Amino acid sequence: MKNKLSIFIEPVFSFLKTIPMGMVATYSLVAKEVGLKSPRNIGWILKQNNTPDIIPCYKVVRSNGKLAEGYKFGGKEEQQRRLENEGIRFNEKGKIINFKNLVT
DNA sequence: ACCATGACTCCAT
DNA sequence: CATGGAGCCATGG
């Protein structure tokens, strides 16, 4: 590839697959995990995902417990559905309840 | 090289 | 708790 972030794509996707059922990761956590500087970069990388049923990019949430706007496959509503399927619950404001289930 | 944009975060108000 | 601004780093025009 000709851009710098592309070399982080596979590491990020691999990490996402290791996140257990019922748990999520924040953008900054994923960034730190693969050695990237800015959480913004993770957003860019997640947009490179073309296989939502193989790469669980829906497991990445914002640090405030809410979902990012730009989930590529049906928006944050679809992302919320996927998370709820794992048992993650949301309040009426769209914020994750018991936002302690982060991976370390 | 300049500028706008983005699936973000932190901190102040 | 909601909002705004600054910081952030890479991409693309």
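Atom set for the values below is all heavy atoms of this structure, side chains included, hydrogens, waters and symmetry mates excluded. Quantities reported herein were computed from a predicted structural model and do not represent experimental measurements. Convention: sequence-line order gives letters A, B, ...; per-chain numbering from 1.
If you measure from atom CG of A:Asn50 to atom P of B:dA7, you get 15 Å, rounded to the nearest angstrom. Atom CD1 in A:Ile45 sits about 10 Å away from atom C1' in C:dA10, given to the nearest Å. Rounded to an integer number of Å, the gap from A:Leu29 CG to B:dT9 P is 11 Å. Atom-to-atom, CG of A:Leu36 to C1' of B:dT9 comes out at 15 Å; the value is rounded to the nearest Å. Residue A:Ile9 contributes atom CD1, which lies 12 Å from atom C1' of C:dA10 at whole-angstrom precision. Computed from coordinates, the A:Trp44 CH2 to C:dG12 P distance equals 6 Å when rounded to whole Å. Look at CG on A:Asn49: it is 20 Å from P on B:dG6, rounded to the nearest Å. Between the P atom of C:dC1 and the CG atom of A:Asn64 lies a distance of 10 Å, rounded to the nearest Å.
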Worked verdict on A:Arg89 versus A:Glu84 for salt bridge (charged side-chain N to carboxylate O under 4.0 Å, His left out): CA-CA 6 Å; A:Arg89 313 213 342 279; A:Glu84 286 172 333; over 6 Å; no
Evaluation steps, ring-ring contact (aromatic ring centres under 6.0 Å, His included), between A:Tyr71 and A:Phe73: CA-CA 6 Å; A:Tyr71 181 67; A:Phe73 313 98; 5.6 Å; yes
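In this structure, A:Val60 and A:Leu29 have side chains that are not in contact, with every pair of non-hydrogen atoms separated by 4.5 Å or more.
When distances run from any side-chain atom of A:Lys47 to the nucleotides B:dA7, C:dC8, C:dA2, the shortest one goes to B:dA7. In this structure, of B:dT9, C:dC8, C:dA2, it is B:dT9 that holds the atom nearest to the side chain of A:Thr26. Here C:dC9 is the nucleotide among B:dA7, C:dC9, C:dT11 with the atom lying nearest to any side-chain atom of A:Lys37. Here the nucleotide nearest the side chain of A:Lys95, chosen from B:dT9, B:dA7, C:dC1, is C:dC1. Considering only the side chain of A:Arg62, B:dT9 comes nearest among C:dC8, C:dA10, B:dT9.
Atom CG of A:Leu67 and atom CD1 of A:Ile96 lie 6.0 Å apart (nearest 0.5 Å).
With a cut-off of 3.5 Å on both pairing distances, the Watson-Crick or G-U wobble partner of C:dC9 is B:dG6. Across every strand in view, C:dC1 sits unpaired, with no contact that passes the Watson-Crick or G-U test at under 3.5 angstrom.
A sub-4.0 Å separation between OP1 or OP2 of C:dT11 and a side-chain N or O of A:Asn3 is present. The phosphate of B:dC10 (OP1 or OP2) has a side-chain N or O of A:Ser63 nearer than 4.0 angstrom. OP1 or OP2 of C:dA2 lies within a sub-4.0 Å distance of a side-chain N or O belonging to A:Lys66.
Using a 4.0 Å heavy-atom criterion, one finds that A:Leu5 contacts the sugar-phosphate atoms exclusively. Within the 4.0 angstrom heavy-atom criterion, no nucleotide atom of any strand lies near A:Lys76.
With salt bridges taken as basic N to acidic carboxylate O contacts below 4.0 Å, one links A:Arg82 and A:Glu78.
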